[in-house]
Amino acid sequence: MSPDYTGLFQALRPETSLLFGALVALGLDLSLFRRHTSGERLNLALWIGALAVLAAGAHVWFGPHGPIFGGVLILDPLAVATRLGVLALTLLTLGVATAARTPRNPAEYVAIILFATTGFMLMAAAQQLLLAFLALELASLSLYVLAGFDKTRPESAEAALKYFLFGGMAAAFLLFGFSLIYGLTGSIELLEIARQLTLQGLSPLLVVALVMVLVAFGFKAAAAPFHLWAPDVYEGAPTPSAAFIASASKLAGFTLFARLLWPGLRAAAGNVSTLHGAPGWLPAVAVISAVSLLLGNFAALAQTNVRRLLAYSAIAHAGALLLGVIAAGRSGPAPFFFYAATYGLATVGAFGVLAVVERTGSCQKITDLAGLHRRSPLLAGCLAIFMLSLAGIPPLAGFFGKFTVFAAALQLGGLAGPAGWLAFLAIALSALALYYYLIVLKQALVAPPTANASRIVVPTLARFTLMAAAGLIVLFGVAPSLLLDLF
Amino acid sequence: MITASLNEYLVISGVLFALGFFGVLLRRNTLVVFMCLELMLVASTLALVAFSRFNGTMDGNVFVFFILTVAAAEVAVGLAIIVALFRLRQTIQLDELNSLKN
């Protein structure tokens, strides 16, 4: 097989345009725009970033499909959909960044967002352990920097350190798992690994490898019991960074996870449709999913800080997404992709609202949102859409996401097996989740504003971003086939 | 000449990994924790090279080159975060980093 470099180059044009955009943003900022105010420099960098993201989107849409470079990359419907989703979420994050406090090095901030996006794009398409690891590390290292970007606040640095230590440990676990898988199968190509594992069956070394990989992804996806970093990072990181960490990285991470587990390690999957099914990674994922659902929802009830509340709700959503990954073996990746993409939209939007409110003062406690309907009806309305979508109220996209995932899980064996019970648990806990989302909305929509609260002026680009996110949530809720037709 | 078998390499790499893991869990100085993280990466590297040798394929060796690069990048980012934190808090002890409520 002779390597097909032309095909590789064409498949990687989206990544190339992202990197090119990042370098142009850095270069212009260092040369021509050095003496301008930081606001102008941020605007320039954001526009360049947005153009690069749009160019990448066009390349993904019109680019090649199928296996690339002998199967190192696979551009199947899941990869294309995830790439488009990640790019859309990046664009919204850039929009959120226009409203947030201007960072000290605006061009670097945008460039690092683009580097992280490059990592996500490769994660979406990687079909080989080395590329998967490199893409994950490119994304993670960029995200650590983004979390610690506000060098004036100790909370930001502390969030970055915690994220870094947990993430670094996850990377080491993942790598050890990968090295064992390589040792067992003699290959780092997912398809070849799958072929070898069908012949071998479940050996003790493979069990160790599976545990390592699951622990690593538990950390990355902020699933309980590996979630400890998430509340601190969401609280301490600058708002656009938190939005990015909560949305795009989730989507790309779950795509990579599903691809690694289902085509790659399918032979060791086991069975969760009956109680006494075969052992494998499915039962382990089911346990992580159940623990995440329980811990995320119950801990979110006790929160007074709106960002920590979003973090615990993210843990609960990670549990539901893992249920979608379990069901992906039978129903395909569409349900969990839809869930992850619409969850990302709602989360970016919610953090976007927080970023705008933050312009007039701190916005950490839930009570800081008091009287938002008077201070800015637009923000309050958008926040209501995002929160209700996260809670899964029809006709918003979050409802349909929950519906497809739970329906797919129930198809695995009805209420007779753990998968069905898990879906039932998730449905019951959704009702609980509505309570804490409504606590936030009560402050924003019902409570009177505090005495010294002023009206909030929403900058034009931020207004456009929030309305785009809210509009997409309504659109995908009313017409989910727009997203599902990508598969 | 006595050559080590694959299992011996794996045991060493497992021990190194466990040392690193417990170091991360138990040590309280951020720099030492950081070194333990690197130890975990090196343990995986050793396993990869051993597997590469005994599988007779080059994939593991190539993987190691990339891991070394990633580890270097991780050191750069990690140390930068630690320096930024030290400038703001004048401490790198994990116990004293509790401004975010737990």
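Each chain gets a letter, A, B and so on, in the order its sequence line appears, and its residues count up from 1.
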Quiz item: Which bit of Thr30(B) comes within less than 4.5 Å of chain A, counting heavy atoms only: side chain, backbone, both or neither?
Solution: side chain
Practice problem: Could you look at Glu137(A) and say if it's the side chain, the backbone, both or neither that has a heavy atom under 4.5 Å from chain B? | Solution: side chain
Quiz item: chain A heavy atoms under 4.5 Å from Leu6(B): which part of the residue, side chain, backbone, both or neither?
Solution: neither
Quiz item: Contact part of Pro154(A) toward chain B, heavy-atom cut-off under 4.5 Å: side chain, backbone, both or neither?
Solution: both
Exercise. Determine whether more than 12 heavy atoms belonging to other residues, nucleotides or ligands lie under 6.0 Å from atom CZ of Arg87(B).
Key: no
Exercise. Could you walk me through whether Asp59(B) and Leu129(A) pass the side-chain contact (heavy atoms from CB on, under 4.5 Å) test, one step at a time?
Key: CA-CA 10 Å; Asp59(B) 293 344; Leu129(A) 298 185; over 6 Å; no
Quiz item: Could you state the interatomic distance from CD1 (Ile81(B)) to CZ (Phe149(A)), rounded to the nearest 0.5 Å?
Solution: 12.0 Å
Practice problem: Decide yes or no for Leu94(B) and Leu161(A): does some side-chain heavy atom of the first lie under 4.5 Å from some side-chain heavy atom of the second? | Solution: yes
Practice problem: Please report the shortest heavy-atom distance between Leu48(B) and Ser179(A), naming the atom on each side. | Solution: CG-CB, 3.4 Å
Quiz item: What option among Ala160(A), Ser156(A), Ala147(A), Gly167(A) has the most heavy-atom pairs under 4.5 Å with chain B?
Solution: Ala160(A)
Practice problem: Hey, can you tell me if Tyr182(A) and Phe51(B) have their rings parallel, tilted or perpendicular (30° and 60° cut-offs)? | Solution: perpendicular
Self-check item: Heavy-atom proximity to chain A below 4.5 Å, by part of Leu39(B)
Solution: neither
Self-check item: Interface residue of largest heavy-atom contact number with chain B, from Leu138(A), Leu165(A), Val145(A), Thr152(A), under 4.5 Å
Solution: Leu165(A)
Self-check item: Structural part of Ser52(B) lying under 4.5 Å from a heavy atom of chain A
Solution: both
Quiz prompt | CG on Leu175(A) to CZ on Phe17(B), rounded to 0.5 Å | solution = 8.5 Å
Self-check item: Atom pair CD (Glu158(A)) and CG (Leu88(B)), whose distance is rounded to the nearest 0.5 Å
Solution: 10.5 Å
Quiz item: Distance from Leu41(B) atom CG to Met169(A) atom CE, nearest 0.5 Å?
Solution: 12.0 Å
Quiz item: Taking C-beta and beyond as the side chain, do Val62(B) and Ile188(A) meet within less than 4.5 Å on heavy atoms?
Solution: no
Self-check item: Flag side-chain contact, heavy atom, 4.5 Å: Ser44(B) against Phe178(A)
Solution: no
Quiz item: Nearest heavy-atom pair of Asn55(B) and Gly186(A): which atoms, and what distance?
Solution: ND2-CA, 3.4 Å
Quiz item: Looking at Gly60(B), Gly20(B), Ala50(B), Ala80(B), which one has more heavy-atom pairs under 4.5 Å with chain A than the rest?
Solution: Gly60(B)
Quiz item: Taking C-beta and beyond as the side chain, do Phe63(B) and Phe133(A) meet within less than 4.5 Å on heavy atoms?
Solution: yes
